[in-house]
Amino acid sequence: MGIRLKRLYQPRNPSFWLMVAFNLLSSVLAWVLHGWPLTFPARLLLTVLALANAGLGMAMALRLLREPPAQSR
């Protein structure tokens with residue numbers, strides 16, 4: 001039983017759009033962390049938020065891989 005990566009692309013499923021949003025927000029946070037001079041508390045807060053968003057994005061991806069596609073429900 002292999003993982004079918006094509007199951008990630010489910011534009012009719014709200015979980016797909018949550019995964020996209022979490023991953024985009026993580027990318028923006030990483031860009032801010034690398035590109036802007038920040039104080040240590042701000043850097044720490046943005047790092048935690050970026051890691052949390054990445055974790056939530058992965059959780060949504062796993063959820064999409066495990067549940068049946070929206071068309072077959």
Worksheet entry | Residue pairs passing the ring pair (Phe, Tyr, Trp, His ring centres under 6.0 Å) test where at least one lies in residues 33-53, sequence neighbours excluded | W31-W36
Discussion item. List the residues meeting ring-ring contact (aromatic ring centres under 6.0 Å, His included) with F22, not counting sequence neighbours, and say none if there are none.
Written reply: none
Discussion item. Applying the side chain to side chain contact (heavy atoms under 4.5 Å, CB included) criterion to V20, which one of L18, N23, L24 satisfies it?
Written reply: L24
Worksheet item: salt bridge (Lys or Arg N to Asp or Glu O under 4.0 Å): which pairs involve residues 56-66, sequence neighbours left out?
Response: R63-E67
Extract all donor-acceptor atom pairs below 3.5 Å that involve side chains of residues 41-61 and protein atoms in other chains or at least two apart in sequence.
| from | atom 1 | to | atom 2 | distance (Å) |
| --- | --- | --- | --- | --- |
| R43 | NH1 | L33 | O | 2.9 |
| R43 | NH2 | L33 | O | 3.4 |
| T47 | OG1 | R43 | O | 2.7 |
| N53 | ND2 | L49 | O | 2.9 |

Worksheet item: Between Q10 and L64, what is the shortest heavy-atom contact and its length?
Response: NE2-O, 3.5 Å
